[in-house]
Amino acid sequence: MNMQCSELQTRSKLSIRTGICMINSYFRSFFPVVVLVGVVPQLYTMWLSWRVVSFCLPKWLYQRGDDAVFLIYQRIILYFFEHWVKAEILFYGDVEDVFKKREKVIYISNHQSTVDWIIVGMLAIRQGSEGNVRFIMKNQLQLIPMVGMYLYHHGCIYVRRGKFNPEKMMAGLEYLKNRDIPSWIVIFPEGTRYNPESKDLAEKNKQIAQSQGLQPLTHCSMPKSRGFHLMMEKMRNNIEYVYNATIIYEDAQEKGQRKRAPSMFEFMKLHKPRIHIHVERISVSSIPKGESDVKTWLNNAFTNTDSGSPPVNLS
């Protein structure tokens, strides 16, 4: 009888502990979402007021106020994705030079998770440029209430997947050519998130590589060069460097095999996640000008990333 009571008490304690852990896990993931969504109307109102007040002011002056609003939201995001989850961020490569002073750059990276967007901020904040980040984004995102409209006015550029409009992109870049508007212009050349568990994506990646006479990549998708080439063509004389980042999530590794990287929501449930970030700071003068040469350069850059040339192993 005593043994049965002891077993029941043990099971009861385990059930309570399991319940507490589940509640804690959901709280840690849902609370940031509530805060990040909840502050949007206030920040949107703040931006809209500044937009009206600054209507007759020079574009660069409006952009300073706009960037200040974006900076506030970026810092709230980074608090949750870095400090709230107690993430350990390990930096490699040219990070000392990257963090030394503010620079106007194009940022490229491998793309495997929605958290990749947050990683940009983790780097930019250490340079003091977190308010100046502007993304090349898929067109559907502009349908997000308030956020979609705001990001467009912030200087982000929306592009249609499969129906790329170079004129629209060039018009957006023309605005960012203003030397008084500091920018990190972010593009993920793969176009879509890489998932090692997707057989369809692997087959599509293989077909694209073979059509170009190249070996298919194992840990990345084949990069699309047209957008990057247009950026280089338009911004070459207005930026200083290209930052080529390689991002690795330790939680996307299991027994030597890669698995799907965590989404934003899944990342918030993790305890002390580790992220490895290698950054190569490349002088614009070292990047070729012709479209075919830029395509070759970008393919080589992703081949190096895929093969583990940076000291961050993707496998």
Side-chain angles (χ1 to χ4, degrees), residues 63 66-67 70-71 73-75 77-78 81 89 91 93-95 98-99 102-142 144 147-148 150-159 161 164 168-170 172-178 181-194 220-221 223-236 238-247 261 264 275 277-282 284 287 294 298 301-302 305:
Q63 200 64 59
D66 170 272
D67 287 356
F70 190 70
L71 181 149
Y73 196 57
Q74 277 278 73
R75 290 193 173 181
I77 291 172
L78 292 172
F81 279 87
I89 317 296
F91 296 104
D94 301 324
V95 288
V98 168
F99 297 159
R102 296 175 70 183
E103 295 175 327
K104 193 168 184 176
V105 305
I106 289 174
Y107 173 104
I108 63 175
S109 169
N110 63 314
H111 192 27
Q112 55 194 314
S113 167
T114 47
V115 184
D116 297 341
W117 302 91
I118 313 298
I119 299 295
V120 182
M122 292 179 180
L123 285 162
I125 195 171
R126 288 165 169 82
Q127 190 190 88
S129 299
E130 66 271 35
N132 310 135
V133 176
R134 312 182 205 283
F135 297 99
I136 309 298
M137 312 172 75
K138 63 182 179 182
N139 199 56
Q140 293 91 324
L141 295 175
Q142 67 181 319
I144 301 174
V147 175
Y150 168 72
L151 289 175
Y152 172 77
H153 287 277
H154 177 65
C156 296
I157 301 171
Y158 293 106
V159 296
R161 187 177 294 173
F164 182 67
K168 183 179 179 181
M169 185 172 184
M170 294 292 265
L173 292 171
E174 181 66 31
Y175 174 74
L176 298 179
K177 281 179 68 175
N178 191 325
I181 300 178
S183 298
W184 277 37
I185 310 174
V186 179
I187 184 170
F188 296 106
E190 291 169 85
T192 189
R193 294 186 297 275
Y194 177 78
C220 307
S221 294
K224 300 174 178 65
S225 62
R226 194 175 181 192
F228 179 70
H229 169 253
L230 288 176
M231 291 172 70
M232 292 302 303
E233 188 178 73
K234 192 73 173 177
M235 303 297 295
R236 184 175 290 273
N238 300 89
I239 62 169
E240 302 165 84
Y241 294 93
V242 170
Y243 293 168
N244 179 18
T246 301
I247 303 167
M264 286 185 181
I275 307 172
I277 307 170
H278 179 276
V279 185
E280 187 180 4
R281 181 172 174 262
I282 305 164
V284 169
I287 299 175
V294 168
L298 190 62
F302 270 75
T305 295

query: What closest approach, in Å, do S109 and F188 show between heavy atoms, and which atom pair accounts for it?
result: O-CD2, 3.7 Å

field: Over all atoms of both residues, closest heavy-atom pair of V133 and A124
entry: CG2-CB, 3.8 Å

task: Name all residues meeting the side chain to side chain donor-acceptor pair (under 3.5 Å) criterion together with Y241; count only those two or more places apart in sequence or in a different chain, and write none if there are none.
output: R281

- request: Could you tell me whether the side chain of Q74 and the main chain of I125 form a donor-acceptor pair under 3.5 Å?
  value: no

query: Roughly how far, to the nearest 0.5 Å, is CD of Q63 from CG of L176?
result: 7.5 Å

- prompt: Taking only residues two or more places apart in sequence or in another chain, which ones pass salt bridge (Lys or Arg N to Asp or Glu O under 4.0 Å) with D67?
  reply: R134

- prompt: Parallel, tilted or perpendicular: which describes the rings of H111 and W117, with under 30° parallel and over 60° perpendicular?
  reply: perpendicular

query: Are F91 and V98 close enough, and set up right, to give a side chain to side chain contact (heavy atoms under 4.5 Å, CB included), and what steps lead you there?
result: CA-CA 11 Å; F91 296 104; V98 168; over 6 Å; no

- prompt: With sequence neighbours left out, what residues match I118 under side-chain contact (heavy atoms from CB on, under 4.5 Å)?
  reply: I77, L78, F81, V115, M122, M264

task: Would you give the length of the straight line joining atom CZ of F135 to atom CG of L141, rounded to the nearest 0.5 angstrom?
output: 10.5 Å

query: By side chain to side chain donor-acceptor pair (under 3.5 Å), which residues pair with E240, not counting sequence neighbours?
result: none

query: Excluding sequence neighbours, so at least two apart, what forms salt bridge (Lys or Arg N to Asp or Glu O under 4.0 Å) with K224?
result: none

field: Donor-acceptor under 3.5 Å (N178 side chain, Y175 main chain)
entry: no

- prompt: Considering residues at least two apart in sequence or located in another chain, which fulfil the side chain to side chain donor-acceptor pair (under 3.5 Å) criterion with N244?
  reply: none

query: Looking at CG of D66 and CD1 of I181, how far apart are the two atoms once the value is rounded to the nearest 0.5 Å?
result: 9.5 Å

message: Looking at every heavy atom in both N110 and E190, which two are closest together, and how far apart are they?
response: CA-OE2, 3.0 Å

- line: Applying side-chain contact (heavy atoms from CB on, under 4.5 Å) to K168 and not counting sequence neighbours gives N139, Q142, Y158, N165

message: To the closest 0.5 Å, what do you measure between OH (Y243) and CH2 (W184)?
response: 5.5 Å

message: My understanding is that only residues two or more places apart in sequence, or in another chain, count here; which of them pass salt bridge (Lys or Arg N to Asp or Glu O under 4.0 Å) with R75?
response: E130

For the student: nearest non-hydrogen atoms of S221 and Y194, plus distance: OG-CD1, 3.5 Å

- request: Would you check if M232 and V284 make a side-chain contact, meaning some heavy-atom pair closer than 4.5 Å?
  value: yes

message: Using the salt bridge (Lys or Arg N to Asp or Glu O under 4.0 Å) criterion, which residues pair with R236? Sequence neighbours excluded.
response: none

message: With rounding to the nearest 0.5 angstrom, report the CG to CZ distance, N132 to F70.
response: 9.5 Å

message: Going by side chain to side chain donor-acceptor pair (under 3.5 Å), name the residues that satisfy it together with Q140, two or more places apart in sequence or in a different chain.
response: none

query: Which distance, rounded to the nearest 0.5 Å, do you find between the CG of L298 and the NE2 of H229?
result: 11.5 Å

Partner set under ring-ring contact (aromatic ring centres under 6.0 Å, His included) for Y152, not counting sequence neighbours: none

Pairing residues for I136 by the side-chain contact (heavy atoms from CB on, under 4.5 Å) criterion, not counting sequence neighbours: I157, V159, M169, I185, I187, M231

- request: Check whether any side-chain N or O of N238 sits under 3.5 Å from a backbone N or O of K177 as a donor-acceptor pair, and report yes or no.
  value: yes

